[in-house]
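The next block holds one structure in the form of structure tokens; read it before the comments.
So that the names make sense, note that chain A is the first sequence line, chain B the second, and so on, each numbered from 1.
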Protein chains: 2
Amino acid sequence: MTKTTTGPGRPRRKDPDAVRQALIAAARDHFAQGSFKTVSVREIARAAGVNQAMVNYYFGDKRGLYEAMLEETIGPLIRVLEEAEARGEVARLEDLIPRHAAMLAANPWLPNLIIREVLYGESDFRNLFIEKFASRVAGALRRAIDGGRDKGELRDDLDPRFGTLILFSLTIYPFVARPIVERAMEIPIDDAFAGRWSEQILQLLAPSKPPPEDDD
Amino acid sequence: MTKTTTGPGRPRRKDPDAVRQALIAAARDHFAQGSFKTVSVREIARAAGVNQAMVNYYFGDKRGLYEAMLEETIGPLIRVLEEAEARGEVARLEDLIPRHAAMLAANPWLPNLIIREVLYGESDFRNLFIEKFASRVAGALRRAIDGGRDKGELRDDLDPRFGTLILFSLTIYPFVARPIVERAMEIPIDDAFAGRWSEQILQLLAPSKPPPEDDD
DNA sequence: ATAAAAATTAAACAGTCGTTTAATTTAATC
DNA sequence: GATTAAATTAAACGACTGTTTAATTTTTAT
């Protein structure tokens, strides 16, 4: 007779890697809502529908799961950015800003994850995030800003040292502080937000006056 | 013979309230570095130099300590803002922005505390923060913006709905994401930063062209 | 002077955490 | 077909958590 009740033993093979993937997906969602320490292995395993010991079996320990989750979630995003940059698709601010905003809007777990682990010194994923992600985006923004200034597409009264920080603040904060934005300012962060917000940012950084028609 | 060794018993009276105050100060510093859940009462009590049972004796439970800490730390800040507003000292953006930036720079635990509990749904201090603090600052900013626009001191191509969000993003993000700013952008957030940053923000929002000399 | 209240301590309690172990079942190998 | 390896389970382990308790000392009130 075939086994029907649940119990120990190797399962009658389904997709290998299914358990691994389920754990990573559950980990991503849970670590976006809570920190490394506050989210428990039991929680994640329950959400993934697997035994909690599977975490240690597949990833060694809780930290191993977190790192694997990072690689499989922000890894692809970084690669997309690198490729777009190599093809010159994000050299201009008009391309980079909407792209960045859309990416944040499409991956609501990302800003949570970043801010949480950057603020939290408890686990030392700080360096990983800063070096692998923040520095890369900052570099792309910096190059786009320098290019825009050289071509006169950017207002000239900006301290170049602060340009990147202005862009970072404007593009990231609304997504990070979403509850404040939606409730204290009553601005819904919906599908349309990323587009309108990008326009506003670009307008803020445009040259202070359009070239008059009668001169140059 | 007088008692010399440590042990149970009422102490030979020092400042009443000393234990309470020590616990609140230690709680403020620890909750700025970790969340409500990750920081243990043993940690706080050890840092305050008192027995861990004092937390329950004076505040009932851990949550009571957290709430008392909030009242005695952000409480005064809110009152200062209210009084300044009543005296009309923050009606203009030129006054409000440097004041806000200086306040954040002077209380480095504040943005950490706010962002942490707003992002963390685990404890429900969200409402408290949003209603008592964020909404108040947002309101002051909104009024200052409206006033500035009416008097022509503000550029006219801003969506008024987004004005507050722009200011919030620019004034808060650098302090919230301090590690990213200092390491990925290499901008030190030191004593001089708040002033220079405020100038930059005001310049960004100034009318696109200063009134020409030959016409009103 | 005596009794009651207040403040403090060390110890214990019950719950949760991440991890390990032993048992068990299926798949792969020879 | 027998043996070994892989995958899964329930249970246990020790560490840590917030809280409570009983004992102890000092202060206050009668």
Side-chain angles (χ1 to χ4, degrees), chain A residues 1-24 26-27 30-31 33-69 120 122-125, chain B residues 1-24 26-27 30-31 33-69 120 122-125:
Chain A
M1 176 195 160
T2 58
K3 187 173 74 89
T4 53
T5 60
T6 57
R10 182 167 178 161
R12 227 150 306 146
R13 95 127 120 190
K14 45 186 174 181
D15 179 23
D17 222 45
V19 173
R20 211 187 118 93
Q21 287 307 119
L23 276 173
I24 284 184
H30 279 73
F31 283 130
Q33 301 300 326
S35 75
F36 180 73
K37 200 172 181 182
T38 59
V39 173
S40 77
V41 170
R42 282 173 171 83
E43 259 182 273
I44 297 174
R46 192 177 340 112
V50 306
N51 188 281
Q52 54 158 311
M54 292 294 94
V55 168
N56 302 94
Y57 183 76
Y58 280 104
F59 304 98
D61 55 11
K62 186 185 186 181
R63 186 186 182 82
L65 169 59
Y66 192 97
E67 284 173 359
M69 178 274 291
Y120 269 77
E122 315 182 44
S123 52
D124 36 327
F125 299 117
Chain B
M1 175 192 161
T2 58
K3 185 173 76 91
T4 53
T5 61
T6 57
R10 182 166 180 164
R12 216 120 351 114
R13 94 125 119 192
K14 44 187 175 181
D15 178 23
D17 223 45
V19 172
R20 211 188 120 91
Q21 287 306 118
L23 276 173
I24 283 183
H30 279 73
F31 283 131
Q33 301 300 326
S35 73
F36 180 73
K37 200 172 181 182
T38 60
V39 173
S40 75
V41 304
R42 280 174 172 83
E43 263 181 88
I44 297 174
R46 192 177 340 113
V50 307
N51 189 282
Q52 54 158 309
M54 291 296 91
V55 168
N56 303 93
Y57 183 78
Y58 281 103
F59 304 99
D61 56 11
K62 187 185 185 181
R63 187 184 180 85
L65 169 58
Y66 192 97
E67 283 173 359
M69 178 273 291
Y120 270 78
E122 317 182 44
S123 50
D124 37 325
F125 299 117

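Between A:Glu43 atom CD and C:dT19 atom P there is a gap of 15 Å when expressed in whole angstrom units. Whole-Å rounding puts the A:Arg63 CZ to C:dT19 P distance at 11 Å. Rounded to an integer number of Å, the gap from CG of B:Asp61 to C1' of D:dT17 is 14 Å. As rounded to whole Å, 13 Å separates atom P of D:dA12 from atom CZ of A:Arg42. Summarising the geometry, the separation between CD on B:Gln52 and P on D:dT20 is reported as 12 Å, rounded to the nearest angstrom. The distance from atom CG of B:Asn51 to atom P of C:dA6 is 19 Å, rounded to the nearest whole Å. Atom P of nucleotide C:dT20 and atom NZ of A:Lys62 are separated by 14 Å, given to the nearest angstrom. Separating the CG atom of A:Asn56 from the P atom of C:dT21 is a distance of 11 Å, rounded to the nearest angstrom.
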Report all interatomic pairs (protein N or O, nucleotide N or O of nucleotides 27-29 of chain D) with separations under 3.5 Å.
| residue | atom | partner | partner atom | Å |
| --- | --- | --- | --- | --- |
| D:dT27 | OP1 | B:Arg13 | N | 3.4 |
| D:dT28 | OP1 | B:Arg13 | NH2 | 3.3 |

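When all heavy atoms of B:Gln52 and B:Ala45 are compared, the closest pair comes out as CA-CB, 3.5 Å. Across A:Thr38 and B:Lys37, no two heavy atoms sit closer than the pair O-NZ, 3.5 Å.
If you check every strand for non-hydrogen atoms under 4.0 Å, B:Val55 touches nothing. Looking at heavy-atom distances under 4.0 Å, A:Tyr58 makes contact with sugar-phosphate atoms alone, never a base.
Distance alone, capped at 3.5 Å, is enough to place a donor-acceptor pair between the B:Lys62 side chain and the B:Val39 backbone. Checking side-chain atoms of A:Asp61 against main-chain N and O of A:Gly64 turns up a donor-acceptor pair under 3.5 Å.
Note on ring orientation: taking the six-membered ring where Trp is involved, the planes of B:Phe36 and B:Tyr66 are perpendicular (angle over 60°, cut-offs 30° and 60°).
Side-chain proximity of B:Tyr57 to the nucleotides D:dA7, C:dA6, D:dA10 is greatest for C:dA6.
Within the 4.5 Å cutoff, no side-chain heavy atoms of B:Val41 are placed close to those of B:Leu65. With contacts defined as side-chain heavy-atom distances shorter than 4.5 Å, the pair A:Leu23/A:Phe59 qualifies.
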